[in-house]
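Read the structure below first, then the notes.
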Amino acid sequence: MLTGDDTISAIATAIGEGGIGIVRVSGSKAVAIADKLFIGRTGKRVADIMSHQVVFGDIVDPASDETVDEAILIIMRAPRSYTREDVVEIHCHGGPVPLKKILDLTLMLGARLAEPGEFTKRAFLNGRLDLAQAEAVIDIIRSKTDASLKTAVGNLSGRLSAEIKHLRHDILRMIAQLEAAIDFPEEDIEEAAATDVAELIIKAKAEIDKLLATAQTGRILREGLATVIIGKPNVGKSSLLNALLREKRAIVTDIPGTTRDIIEEYVNIRGIPLKIIDTAGIRETADVVEKIGVERAKELVSQADLILLLLDASMPLSPEDRGVLELLSGRQAIILVNKSDLPPLLDFEELDEIIGSRLVVRISVTQGEGLSELEQTIVDMVYSGQVSQGEAAFVNNVRHADALRHTNQRLEDALATIEAGMPPDCIVVDLRSAWEKLGEITGDTVGEDIIDQIFTQFCIGK
Ligand SMILES: Nc1nc2c(ncn2[C@@H]2O[C@H](COP(=O)(O)OP(=O)(O)OP(=O)(O)O)[C@@H](O)[C@H]2O)c(=O)[nH]1
Ligand SMILES: [Mg+2]
């Protein structure tokens, strides 16, 4: 595939003040553009600089001959570059003004402003990366913990892609086997081929199931475990958020109804990113602002991966507590009995009757007790025996998981076709469609709309 011959340019570093900033230019005119705005201290022309060499010099506005900034220039000639096109990187001082001026110069000299993700899109279209690898690039940039980084880096290096390629290869071999059998008119040869293929399909399905088993953990590592803290007013929800964050983020007072809005923060719990939300205490209330907060809290509960429900050990269960406990039905939750440093008044037997086999952890946020047990409980829940801790998940992306599930469905169709004693060409139709579904992951068989959708999630300059 060709990417067109226009040359793109963008500021590749984050906007703001920094030690250095980088303007990146990619395309057939990249070197010519750099030649017009860069004067090397040795006087060497940009066009004469060897690929992958670093030169020091000045960025000079050709219209006014004014020096914009000192800079270092790196030229990476096609195909040995990120996009596989000619790429020039201009490393200048990391301020918004010099960066913007240098970017403007490149645009004036014939480059076009890059769209979000366009460098990586070109890398994909030019075969430098497959689609799963390109998606891993954004996952690396966005990774929230070491564990999420590890999965993303694994996928950039082609870990998932290798599995997918291997599965697609297996399916192609099955197709070939069936097609060879079609050429023989004897019934029993067709039947034998179908029996062979059925066995291979079962094997392939098992491999896909293995990949899918990592999907839930992978998604959590990538997006964060959506966690809400709920409980009646004053049980210590905001105190818990602060303790997990190890900073005083939310306001804590002894006045019930302190938190009125929703507070959302990322917390790193032993490598698992938690997108943790502190809510307004849930109770019947006449206060309009608080009421909205309570409604929102209920809504959040319905969307959460994990609910941390707080109770107060120093008080008997109240109707408010029972109301909050009712929200849990069918949801993954840990019940935290807080304030266990105070004289206990909570009736645990009564609680057990209501909650059955749900996990209960006794904590005291102010004393820092039970928090490490809570962290371990969360870790165990997330990994839940499917992926051993420390081993990175393969599938961390909903798109990939969906494609794998669909592939499995098509493989099941193929099995049903075999079961029904249909001729080999019917089995081949199902297998082809499974093969195509798998190809969506690596981008071998994917529509332009999906490609565009993926790359618009990137930042400009990536
Ligand atoms: N003794 C004791 N007090 C605690 C503990 N945890 C929190 N508190 C106190 O309980 C009070 C309420 O704490 P918050 O964290 O504001 O409670 P909240 O659930 O966020 O309250 P609302 O925002 O009003 O719903 C504060 O005075 C905290 O210091 C604990 O483990 N032991
Ligand atoms: Mg609060």
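For the numbers below, each heavy atom of this structure counts, side chains included, while hydrogens, waters and symmetry mates do not. Counting starts at 1 for both ligands and their atoms, following the listed order. If you're wondering where the values come from, they're calculated on a predicted model, not measured in any experiment.
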- One finds that the ligand 1 atoms under 4.0 Å from a non-hydrogen atom of Asp341 are 1 (N), 2 (C), 30 (C), 31 (O), 32 (N)
- Ile255 near ligand 1, heavy-atom distance under 4.0 Å? yes
- Task: Under 4.0 Å, heavy atoms only, figure out whether ligand 1 is touched by the backbone of Leu342, its side chain, both or neither.
- Result: side chain
- Message: How far is atom 30 (C) of ligand 1 from the closest protein heavy atom, and which atom is that?
- Response: Thr366 OG1, 3.0 Å
- Query: Would you say the side-chain atoms of Thr258 and Thr253 include a donor-acceptor pair closer than 3.5 Å?
  - Reply: yes
- Item | Enumerated ligand 1 atoms positioned under 4.0 Å from heavy atoms of Ser238 | 15 (O), 18 (P), 20 (O)
- Message: Looking at the Mg ion (ligand 2), is there an N, O or S atom belonging to Ser238 that lies under 2.8 Å away from it?
- Response: yes
Please output the side-chain donor-acceptor pairs of residues 321-331 that fall under 3.5 Å, not counting sequence neighbours, one pair per line with the distance.
| unit_1 | atom_1 | unit_2 | atom_2 | d |
| --- | --- | --- | --- | --- |
| Asp321 | OD2 | Lys232 | NZ | 2.9 |
| Asp321 | OD2 | Ser318 | N | 3.1 |
| Asp321 | OD2 | Ser318 | OG | 3.3 |
| Arg322 | NH2 | Glu350 | OE2 | 2.2 |
| Arg331 | NE | Val301 | O | 3.4 |
| Arg331 | NH1 | Ser302 | O | 3.3 |
| Arg331 | NH2 | Ser302 | O | 3.4 |
| Arg331 | NH2 | Ala304 | O | 2.6 |

- Item | Option with minimal heavy-atom separation from atom 19 (O) of ligand 1, where the choices are Lys339, Lys237, Gln367, Lys232 | Lys237
- Ignoring angles and geometry beyond distance, decide whether Ser340 reaches within less than 3.5 Å of ligand 1 through its nitrogen or oxygen atoms. no
- Task: Please report which non-hydrogen protein atom sits nearest to atom 29 (O) of ligand 1, along with the residue it belongs to and the distance in Å to one decimal place.
- Result: Val252 CG1, 3.9 Å
- Query: Against heavy atoms of Asp254, which atoms of ligand 1 measure under 4.0 Å?
  - Reply: 27 (O)
- Heavy-atom count around Arg362 CZ within 6.0 Å, excluding the residue itself: above 12? no
- Taking the six-membered ring of Phe394, is the NZ or CZ of Arg159 close enough (under 6.0 Å from the centre) and on axis enough (within 45°)? yes
- When you check the gap from the basic side-chain N to the acidic O, do Glu207 and Lys210 get nearer than 4.0 Å? no
- Message: Among all protein heavy atoms in this structure, tell me which lies nearest to atom 21 (O) of ligand 1, with the distance rounded to 0.1 Å.
- Response: Asn234 N, 3.0 Å
- Item | Distance filter under 4.0 Å to Thr253 heavy atoms, resulting ligand 1 atoms | 11 (C), 12 (C), 13 (O), 16 (O), 26 (C), 27 (O)
- Task: May I ask you to decide whether Arg112 forms a salt bridge with Glu118, counting only side-chain N to carboxylate O separations under 4.0 Å?
- Result: yes
- Geometric N/O contact Gly236 with ligand 1, under 3.5 angstrom: yes
- Task: Considering only non-hydrogen protein atoms, determine which one is nearest to atom 6 (N) of ligand 1 and report residue, atom name and distance to 0.1 Å.
- Result: Asn338 ND2, 3.1 Å
- Item | Contact flag Thr259/the Mg ion (ligand 2), N/O/S atoms, threshold under 2.8 Å | yes
- Task: State whether the shortest distance between N or O atoms of Ala280 and N or O atoms of ligand 1 falls below 3.5 angstrom.
- Result: no
- Message: Just by distance, no angles: are the side chains of Gln376 and Arg270 close enough, under 3.5 Å, to form a donor-acceptor pair?
- Response: yes
- Query: Any side-chain donor-acceptor pair under 3.5 Å between Thr67 and Asp58?
  - Reply: no
- Task: Look only at interatomic distance and state if Thr279 has a nitrogen or oxygen under 3.5 Å from any nitrogen or oxygen of ligand 1.
- Result: no
- Task: For ligand 1, find out whether one of its N or O atoms is nearer than 3.5 Å to an N or O atom of Ile251.
- Result: no
- Note on the structure: The single option from Ile363, Leu351, Val361 that satisfies side-chain contact (heavy atoms from CB on, under 4.5 Å) with Val337 is Leu351
- Item | Point-to-point distance, once rounded to the nearest 0.5 Å, from OG of Ser148 to CG of Leu221 | 5.5 Å
- Item | Proximal atoms of ligand 1 relative to Ser239 (non-hydrogen, under 4.0 Å) | 7 (C), 13 (O), 14 (P), 15 (O), 28 (C)
- Task: Report yes or no: do Asp130 and Thr442 form a side-chain donor-acceptor pair below 3.5 Å?
- Result: no
- Query: Is Lys462 close enough and on-axis enough to Tyr82, meaning under 6.0 Å and within 45°, for cation-pi?
  - Reply: yes
- Using 4.0 Å as the upper bound for N to carboxylate O, is an ion pair formed by Arg219 and Asp305? yes
- Task: Measure Thr259 to ligand 1 on non-hydrogen atoms and call it side chain, backbone, both or neither using the 4.0 Å cut-off.
- Result: both
- Give the atoms of ligand 1, by number and element, whose distance to some non-hydrogen atom of Gly257 is under 4.0 Å. 22 (P), 24 (O)
- Message: When you measure from the heavy atoms of Pro256 to every atom of ligand 1, does any distance fall below 4.0 Å?
- Response: yes
